[in-house]
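Comments concern the structure below.
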Amino acid sequence: MDTANHAAFADLSRPLLSPLSLAERERLAGAWRMASQDIADDIRFIQQYLKVIAEKDERLSTGTLVHGRAYVEACAAWLPETVARYSRNLRLISECESAMLAAGVRFARSSDAW
C-alpha cells in the first residue's frame with residue numbers, strides 16, 4: 001500500500017474525537033463526498049461544452065459540421081448553468097471542510113488518499 005493510502009487508512013483505525021454526533025459526522029461527510037463527486041462531473045461537462053463551442057464551425061472532410069447547430073446552442077446554454085453548479089459545489093466543499101476541521105473530523109485532502 002502506498003504511503004498516502006496507508007496514512008489515510010491508519011487514521012481510520014483510531015476513534016474520532018469530535019463534538020459532533022455520529023449522524024452529524026456522517027451527514028457532513030456525505031455532503032462533502034457528494035459535492036466532490038459532483039464537481040468532477042461539472043469539470044468534465046464544462047470542458048466538453050467549451051470544446052463543442054470552440055469547434056462550432058469545424059467540418060468533416062465531407063463538409064458536414066462536426067456538431068449540429070442545435071447541439072452547439074444547447075452547449076452554450078448549458079455552460080453557464082454548469083459553471084454556476086460548479087461554484088455551488090465548490091462552496092459546499094469548502095464549507096464542509098471548514099466544518100470538519102472545526103469539529104476534528106478527518107477527511108482526505110487529496111484523491112491520492114482515497
Side-chain angles (χ1 to χ4, degrees):
M1 184 178 299
D2 71 23
T3 306
N5 285 338
H6 178 71
F9 288 108
D11 288 340
L12 294 175
S13 66
R14 285 184 242 124
L16 294 173
L17 299 175
S18 173
L20 298 177
S21 70
L22 179 61
E24 290 170 322
R25 287 193 312 260
E26 287 178 353
R27 182 192 59 75
L28 191 58
W32 176 83
R33 190 171 26 260
M34 291 302 297
S36 296
Q37 292 169 352
D38 290 346
I39 209 165
D41 289 338
D42 295 337
I43 291 168
R44 185 172 51 86
F45 282 119
I46 289 168
Q47 290 172 335
Q48 180 63 33
Y49 298 154
L50 290 172
K51 182 177 185 255
V52 168
I53 292 166
E55 296 173 346
K56 69 180 180 181
D57 295 323
E58 290 188 18
R59 297 182 178 274
L60 300 172
S61 61
T62 60
T64 306
L65 287 170
V66 172
H67 306 289
R69 295 278 181 219
Y71 183 58
V72 173
E73 290 171 7
C75 287
W78 295 329
L79 182 60
E81 297 169 14
T82 307
V83 169
R85 187 176 56 242
Y86 168 83
S87 295
R88 285 191 306 273
N89 284 324
L90 189 60
R91 181 178 298 118
L92 180 58
I93 289 169
S94 297
E95 290 170 356
C96 288
E97 288 179 356
S98 293
M100 287 189 283
L101 283 171
V105 176
R106 299 191 70 122
F107 58 94
R109 297 201 183 245
S110 135
S111 60
D112 292 335
W114 291 352

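Everything numeric here is computed off the predicted structure, so don't read it as measured data. Values below: every heavy atom of this structure, side chains too, minus hydrogens, waters and symmetry copies.
- Partners of Val72 by side chain to side chain contact (heavy atoms under 4.5 Å, CB included), not counting sequence neighbours, listed by chain and number: Val52, Lys56, His67.
- The OG atom of Ser36 lies 10.0 Å from the CG atom of Leu90; values are rounded to the nearest 0.5 Å.
- Taking each heavy atom of Ala35 and Asn89 in turn, the nearest pair found is CB-O, 4.0 Å.
- Here Arg69 pairs with Asp57 under the salt bridge (charged side-chain N to carboxylate O under 4.0 Å, His left out) rule; sequence neighbours left out.
- Screening residues 76-95 for ring pair (Phe, Tyr, Trp, His ring centres under 6.0 Å) gives Tyr49-Trp78 as the qualifying pairs, with residues at least two apart or on separate chains.
- Residues that satisfy the side chain to side chain contact (heavy atoms under 4.5 Å, CB included) test with Glu58, not counting sequence neighbours, are Glu55, Val66.
- Hydrophobic cluster membership differs between Phe45 and Met34, with clusters built from Ile, Leu, Val, Met, Phe, Trp and Tyr side chains linked at under 4.5 angstrom.
- With rounding to the nearest 0.5 angstrom, the OG1 atom of Thr82 is 12.0 Å from the CD atom of Gln47.
- Tracing side-chain contacts under 4.5 Å through hydrophobic residues (I, L, V, M, F, W, Y), one reaches Val83 starting from Ile43; they form part of the same cluster.
- A single hydrophobic cluster is seen to contain both Ile39 and Leu79, as judged by linkage of ILVMFWY side chains at heavy-atom distances under 4.5 Å, directly or through other members.
- Under the side chain to side chain contact (heavy atoms under 4.5 Å, CB included) criterion, Thr62 pairs with Leu60, Thr64, sequence neighbours left out.
- Scored by the side chain to side chain contact (heavy atoms under 4.5 Å, CB included) test, Ser98 finds no partners at all (sequence neighbours excluded).
- Closest approach of Ala99 to Leu28, counting heavy atoms only: CB-CD2, 3.8 Å.
- Qualifying salt bridge (charged side-chain N to carboxylate O under 4.0 Å, His left out) partners for Asp38, counting only residues two or more places apart in sequence or in other chains: none.
- Residue pairs meeting the salt bridge (Lys or Arg N to Asp or Glu O under 4.0 Å) criterion with at least one member in residues 72-96, sequence neighbours excluded: Asp42-Arg85.
- For the side chain to side chain donor-acceptor pair (under 3.5 Å) test, no residue two or more places apart in sequence or in another chain qualifies with Gln48.
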